[in-house]
Amino acid sequence: MAVSVPATYGALLVGGFVAAALAGIVTVQSFIYVKLYPSDVLQTKAIVTAVWLLDTAHTALVCASIWTYFIENFGDTSKIDMIPRTLAMTVALTAILTFIVHCFFAHRIHKLSRRDWRITMPLMGFAFLRLCSASVTTAEMIHMQTFSSFKAEFRWIFTLGLALSCLVDVMIAGFLCYSLRSNRKASSSMDRVINSVILYTFENNSLTSAATVVSMICWLTMPTNLVFMGLHFVIGKLYANSLLATLNARKRLQNERAQRGLSAELPVAFPGYASRFRTHQSSRSEPPAATKVEINVEKTVEYEVDASQCGSPTTPGTYVGSSEVV
């Protein structure tokens, strides 16, 4: 079976370049988060830290895989079918990143749906199955050592993992958009803010879903190259940026809400931040206490009197009136 070197090595190289660029964006977004939200709750800070560490480890494994293909096996096309351990481990790290992001959005849906487990449990179940599928994929890739043998016996498990990831993305986008649109009935003045949140949700989930679907299509239709793996390098980065972009968007949305003088609750569950904002707003909107003010007014009238009436020369006179209290 003929193997295309550009479609294998080239796809891995391009995928590695794009993954490295997106890893830089993840780092920048992490620093922005640290600067903008130093008072966030510990759980949110832990999620951001875990995402950044996992993304950094994923980038290192991608670079190590490219090193193996291009340096250690340089010129040896017989090794093109080999699966390095570092490459197999990128699949597991991508699944862990995906699982964290799915749990984050599932938690938001859980709050927006007033803790309706009928919605949250299917999301968590599918997300966990996607993690299990990717874990089995990594273990079998390490065991089989070649793509040809892995595809012959475990092609379905990798396909299942990608399909579950896409399914959870679609469910999250659908539930979030539905919940947010339902909140528009409570306060029409919140429409613009809610529309912004819906737009963020749709863009983030559609991007990750598109990357996952394209990778799955390449995996199923092009079994003789590694284009699917080059795309798979990027999926984890997109999920990490999706979560960080959602967290960092809070400041702009809260400022927009404050400029419009909205008192309604922002329909996005961000623990800690919203309560502090409400306290700040209530302190600003509280009317000052009434104060009694006394004003003393002294009236001075200057006039001329007739000398014939007063028995004295005509001279200017001055009359000082009494003070009044207002």
Side-chain angles (χ1 to χ4, degrees), residues 3 7-9 11-12 15-16 18-19 22-23 50-51 53-69 79-103 123-172 208-240 242:
V3 177
T8 50
Y9 285 170
L12 291 177
V18 176
L22 292 175
V51 166
L53 290 175
L54 288 170
D55 182 77
T56 302
H58 180 270
T59 304
L61 290 174
V62 169
C63 294
S65 301
I66 293 176
W67 176 274
T68 300
Y69 279 111
K79 298 291 184 67
I80 202 169
D81 191 42
M82 181 191 68
I83 304 178
R85 288 177 177 267
T86 53
L87 185 70
M89 292 174 65
T90 62
V91 177
L93 281 184
T94 297
I96 296 173
L97 274 169
T98 303
F99 182 71
I100 292 175
V101 176
H102 284 164
C103 290
L123 286 175
M124 296 299 297
F126 287 131
F128 182 72
L129 287 177
R130 189 271 189 274
L131 178 63
C132 294
S133 173
S135 301
V136 174
T137 297
T138 297
E140 293 302 330
M141 279 185 170
I142 294 174
H143 176 70
M144 293 296 180
Q145 297 184 350
T146 61
F147 282 107
S148 57
S149 57
F150 174 78
K151 291 175 182 178
E153 297 189 32
F154 295 99
R155 184 171 184 168
W156 65 273
I157 195 69
F158 188 66
T159 305
L160 177 63
L162 294 175
L164 287 172
S165 179
C166 183
L167 174 63
V168 175
D169 285 342
V170 172
M171 292 175 66
I172 287 174
T208 53
S209 297
T212 305
V213 169
V214 173
S215 179
M216 182 172 61
I217 291 174
C218 293
W219 161 254
L220 294 175
T221 60
M222 294 184 287
T224 60
N225 58 46
L226 298 179
V227 173
F228 77 94
M229 187 54 66
L231 292 169
H232 199 271
F233 285 164
V234 178
I235 292 175
K237 312 297 184 184
L238 294 177
Y239 276 104
S242 171

Visitor: Looking only at atom types and distance, does a side-chain atom of T137 sit under 3.5 Å from a main-chain N or O of S133, one as donor and one as acceptor?
Guide: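 Between the backbone of S133 and the side chain of T137 there is a qualifying donor-acceptor contact (under 3.5 Å).
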Visitor: Which residues satisfy the side-chain contact (heavy atoms from CB on, under 4.5 Å) test with S65, sequence neighbours excluded?
Guide: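 For S65 the side-chain contact (heavy atoms from CB on, under 4.5 Å) partners, ignoring immediate neighbours, are T86, L87.
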Visitor: With sequence neighbours left out, what residues match C132 under side-chain contact (heavy atoms from CB on, under 4.5 Å)?
Guide: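 With neighbours one apart ignored, the set is F128.
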Visitor: Quick check for you: to the nearest 0.5 Å, what is the distance between T224 atom OG1 and M222 atom CE?
Guide: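 It is 8.5 Å, given to the nearest 0.5 Å.
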Visitor: Decide yes or no on side-chain contact (heavy atoms from CB on, under 4.5 Å) for F233 and V18, but give the supporting numbers first.
Guide: CA-CA 8 Å; F233 285 164; V18 176; over 6 Å; no
Visitor: If I take atom CD1 from residue I83 and atom OG1 from residue T68, how far apart are they, to the nearest 0.5 angstrom?
Guide: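 Between atom CD1 of I83 and atom OG1 of T68 there are 13.0 Å.
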Visitor: Going by salt bridge (Lys or Arg N to Asp or Glu O under 4.0 Å), name the pairs with one or both residues in residues 124-143, residues two or more places apart or in two chains.
Guide: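 Checked against salt bridge (Lys or Arg N to Asp or Glu O under 4.0 Å) - neighbours excluded - no pair reaches residues 124-143.
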Visitor: Between T59 (side chain) and D55 (backbone), is there a donor-acceptor pair under 3.5 Å?
Guide: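 Side chain of T59 to backbone of D55: a pair is present.
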Visitor: Kindly state whether the ring of F158 and the ring of H232 have centres lying under 6.0 angstrom apart.
Guide: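 F158 vs H232: aromatic centres under 6.0 Å.
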Visitor: Once you round to the nearest 0.5 Å, how far does CG of L97 lie from CD1 of I235?
Guide: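 Here the rounded value is 11.5 Å.
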Visitor: So, for K151 and R155, which heavy atoms are closest and what is the spacing to 0.1 Å?
Guide: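 For K151 versus R155, the nearest heavy atoms are O-CB, 3.1 Å.
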Visitor: Return the minimal non-hydrogen interatomic distance between F99 and A127, and the atom names on each side.
Guide: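 That closest heavy-atom pairing would be CD1-O, 3.6 Å.
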Visitor: Given side chains that start at C-beta, do those of Y9 and I80 come closer than 4.5 Å, heavy atoms only?
Guide: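 A side-chain contact under 4.5 Å exists here.
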Visitor: Mind checking the SG-NE2 spacing from C63 to H58? Nearest 0.5 Å is all I need.
Guide: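 That separation rounds to 10.5 Å.
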Visitor: Please report the closest heavy-atom contact between V51 and A240, naming both atoms and the distance.
Guide: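 In terms of heavy atoms, the two residues are closest at CG1-CB, 3.6 Å.
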Visitor: Between the side chain of T138 and the main-chain N/O of A92, is any donor-acceptor distance below 3.5 Å?
Guide: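 Looks like yes, one N/O pair under 3.5 Å.
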Visitor: Kindly say whether L131 contributes a backbone atom to a donor-acceptor pair with the side chain of S135 at under 3.5 angstrom?
Guide: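 Flag set: sc S135 to bb L131 pair under 3.5 Å.
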Visitor: Can you tell me how far OG1 of T98 sits from CG of L54, rounded to the nearest 0.5 angstrom?
Guide: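 Reported to 0.5 Å precision, the distance equals 10.5 Å.
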Visitor: Take atom CE in M144; do more than 12 heavy atoms of anything else shown fall under 6.0 Å from it?
Guide: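 Count over threshold, so yes.
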Visitor: What is the ring orientation for Y239 with H102, classed by angle as parallel under 30°, tilted 30 to 60°, or perpendicular over 60°?
Guide: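 The rings of Y239 and H102 stand perpendicular, inter-plane angle above 60°.
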Visitor: Measuring only between side-chain heavy atoms, which start at C-beta, is T159 closer than 4.5 Å to W219?
Guide: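 Side-chain contact under 4.5 Å: yes.
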Visitor: Set out, in order, the CA-CA distance, both residues' side-chain angles and the distance that settles side-chain contact (heavy atoms from CB on, under 4.5 Å) for M216 and T212, then state yes or no.
Guide: CA-CA 6 Å; M216 182 172 61; T212 305; 5.6 Å; no
Visitor: Less than 4.5 Å apart, side chain to side chain, heavy atoms only: is that true for F228 and L162?
Guide: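 No; the side chains remain at least 4.5 Å from each other.
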Visitor: Of the non-hydrogen atoms in S209 and D169, which two are nearest, and what is the gap between them?
Guide: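 Looks like OG-CB, 2.9 Å.
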Visitor: Measuring from F147:CZ to N225:CG, what's the distance to the nearest 0.5 Å?
Guide: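 F147 atom CZ to N225 atom CG measures 10.5 Å (nearest 0.5 Å).
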Visitor: Is there a side-chain contact (heavy atoms from CB on, under 4.5 Å) between T8 and M229? Walk through the geometry before answering.
Guide: CA-CA 9 Å; T8 50; M229 187 54 66; over 6 Å; no
Visitor: Can you name the nearest heavy-atom pair linking C218 to V227, along with the distance?
Guide: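 It is SG-CG1, 3.9 Å.
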Visitor: Looking at C103 and M124, what are the two nearest heavy atoms and their distance?
Guide: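 In this case the closest contact between C103 and M124 is SG-CE, 3.4 Å.
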